[in-house]
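Every number for a ligand or one of its atoms is a count from 1 in the order of the listing.
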Amino acid sequence: MAATIIDGKAVAARVRGEVAQEVKELGELLGHPPGLATILVGDDPASAIYVANKRKACSEAGIADHHNHLSAEASQDEVAELIHDCNRAPEVSAILLQLPVPGGLDGASLTALIDPHKDVDGLTPISAGRLVQGTPGLRPCTPLGVIELLDSYEVPIEGSEAVIVGRSDLVGKPLAALLLARNATVTVCHSRTRDLPAVCARADILVAAAGVPRLIGAEHVKPGATVIDVGMNRTEGGLRGDVDFEPVAQRAGLITPVPGGVGPMTIAMLLRNTLSAARLALSG
Ligand code: NAP
């Protein structure tokens with residue numbers, strides 16, 4: 001039997017609608033709309049498109065757009081000064097430093113300067129520590145989007161075997177912490193994992209976040225499992241995930257497509273995180 005296809009666009013549209021409604025209410029309490037400061041350094045075309053899409057989504061939700069574009073020649077100190085300015089600005093609820101930054105700049109050190117209350121990507125060491133310790137804080141957007149998809153399709157997380165392929169700070173590690181906090185039994189695989197198909201085939205929830213097209217085939221999937229494909233790989237055939245969609249869809253119970261699965265959720269959760277950051281400002 002073919003899997004049910006998870007409609008990330010529809011779930012993202014619902015989240016964005018909810019955020020737009022709450023933005024209005026929160027704006028009245030704050031005296032100004034919640035605002036997102038985007039920081040783009042240099043002229044990398046892919047980064048420019050990502051930032052433009054995020055700004056457009058913010059504007060559509062009624063979130064104020066505070067964009068900053070620095071030249072590729074900007075120094076570490078100049079970017080740091082801008083981050084400090086955004087940290088101090090009351091109209092800025094959340095700050096997004098688009099990564100990667102140009103060579104010569106240290107993206108991790110710059111990210112660490114963001115006020116954790118405004119850390120909309122949840123990537124500062126303080127946010128990462130709060131996630132691991134289970135204390136309140138802002139969480140990375142893509143892992144939050146995966147959890148939202150699972151909840152929207154009522155996939156049981158507690159007690160389930162969850163296997164994540166990929167251990168990046170952006171996706172794999174924070175998703176492991178979120179799933180663990182929801183009482184899944186979590187296994188994290190990486191490039192040195194022995195017998196990847198056997199480990200993946202244990203999963204009730206299998207998340208592919210490796211950046212390798214078609215890494216996950218039918219042999220990696222337990223019949224009826226939920227398969228979430230985070231991968232976004234630009235190939236000659238177009239945008240592809242990490243999952244070999246056709247054969248896996250014959251075996252899985254639920255599956256995300258690429259595009260139209262996790263991708264739209266990342267931006268939706270960015271908007272929700274901006275709202276969460278604005279609420280933090282309100283509670284002081
Ligand atoms: P990353 O930093 O490159 O990490 C990739 C991870 O996959 C690493 O942990 C790596 O293992 C592991 N890996 C690579 N090849 C493997 C293999 N053959 N078998 C098992 N594990 C393997 O990537 P990322 O930033 O997490 O992104 C992963 C993918 O998700 C990319 O395609 C990216 O474009 C996509 N992405 C999508 C969204 C979205 O919104 N949909 C958001 C973020 C990322 P090692 O640690 O051992 O090297």
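Remark: distances from the non-hydrogen atoms of Cys189 to ligand 1 are all 4.0 Å or more. Heavy atoms of Val230 come nearer than 4.0 angstrom to ligand 1 in at least one pair.
Protein heavy atom in closest approach to atom 11 (O) of ligand 1: Ser191 N, 3.2 Å. For atom 29 (C) of ligand 1, the closest non-hydrogen atom of the protein is Gly211 N, 3.6 Å. Looking only at protein heavy atoms, the nearest one to atom 20 (C) of ligand 1 is His190 O, 3.1 Å. The protein heavy atom nearest to atom 12 (C) of ligand 1 is Gly166 CA, 4.0 Å. In terms of protein heavy-atom proximity, atom 42 (C) of ligand 1 is closest to Thr142 OG1, 3.2 Å. When hydrogens are left out, the protein atom nearest atom 1 (P) of ligand 1 is Ser168 CB, 4.1 Å; that is the closest non-hydrogen contact. At the top of the distance list for atom 15 (N) of ligand 1, counting protein heavy atoms only, stands Val212 CG2, 3.5 Å. Atom 44 (C) of ligand 1 has Val171 CG2, 4.0 Å as its closest protein atom, hydrogens excluded (heavy atom only).
Between Arg182 and Asp151, at least one side-chain nitrogen of the basic residue sits less than 4.0 Å from a carboxylate oxygen of the acidic one, meeting the salt-bridge criterion. Using a 4.0 Å cut-off between charged side-chain N and carboxylate O, Lys24 and Glu28 make no salt bridge. Glu81 and Arg88 are joined by a salt bridge, as a carboxylate oxygen and a charged side-chain nitrogen come within less than 4.0 angstrom of each other. Using a cut-off of 4.0 Å between Lys/Arg side-chain N and Asp/Glu carboxylate O, Arg272 and Glu148 are scored as salt-bridged.
The ligand atoms of ligand 1 that sit less than 4.0 angstrom from a heavy atom of Asn233 are 32 (O). Taking every heavy atom of Val165 and a limit of under 4.0 angstrom, the matching atoms of ligand 1 come to 20 (C), 21 (N).
With Pro174, Gly172, Ala210 as candidates, the residue nearest to atom 5 (C) of ligand 1 on a non-hydrogen basis is Ala210. For atom 8 (C) of ligand 1, the candidate residues are Arg167, Met232, Lys173; the nearest heavy-atom contact is made by Arg167. Of the listed options Thr266, Leu170, Asp169, Leu239, Thr266 places a heavy atom closest to atom 39 (C) of ligand 1.
For Leu215, every heavy-atom contact with ligand 1 shorter than 4.0 Å involves the side chain, none the backbone.
Put simply, the side chain of Ser127 never gets that close to the backbone of Leu123: no donor and acceptor are under 3.5 Å apart. Looking at Ser168, its side chain does come within 3.5 Å of a backbone N or O of Val171 through a donor-acceptor pair. Side chain of Asp115 to main chain of His117: a donor-acceptor pair is present (N/O by atom type, distance under 3.5 Å, no hydrogens or angles). Without hydrogens or angle criteria, Asp204 side chain to Ala225 main chain gives no donor-acceptor distance under 3.5 Å.
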Worksheet item: Given the rule in the side-chain contact (heavy atoms from CB on, under 4.5 Å) test, do Ile147 and Leu179 qualify, once you have shown the distances and angles that lead to the verdict?
Response: CA-CA 8 Å; Ile147 299 289; Leu179 287 166; 3.7 Å; yes
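In this structure, atom 3 (O) of ligand 1 has its sub-4.0 angstrom surroundings free of protein heavy atoms. Distance screen at 4.0 Å: atom 24 (P) of ligand 1 has a protein heavy-atom neighbour inside the cut-off.
Side-chain contact between Val15 and Leu271 is absent, with no heavy-atom pair separated by less than 4.5 Å.
The two residues Tyr153 and Ile5 have their closest heavy-atom pair at OH-O, 4.0 Å.
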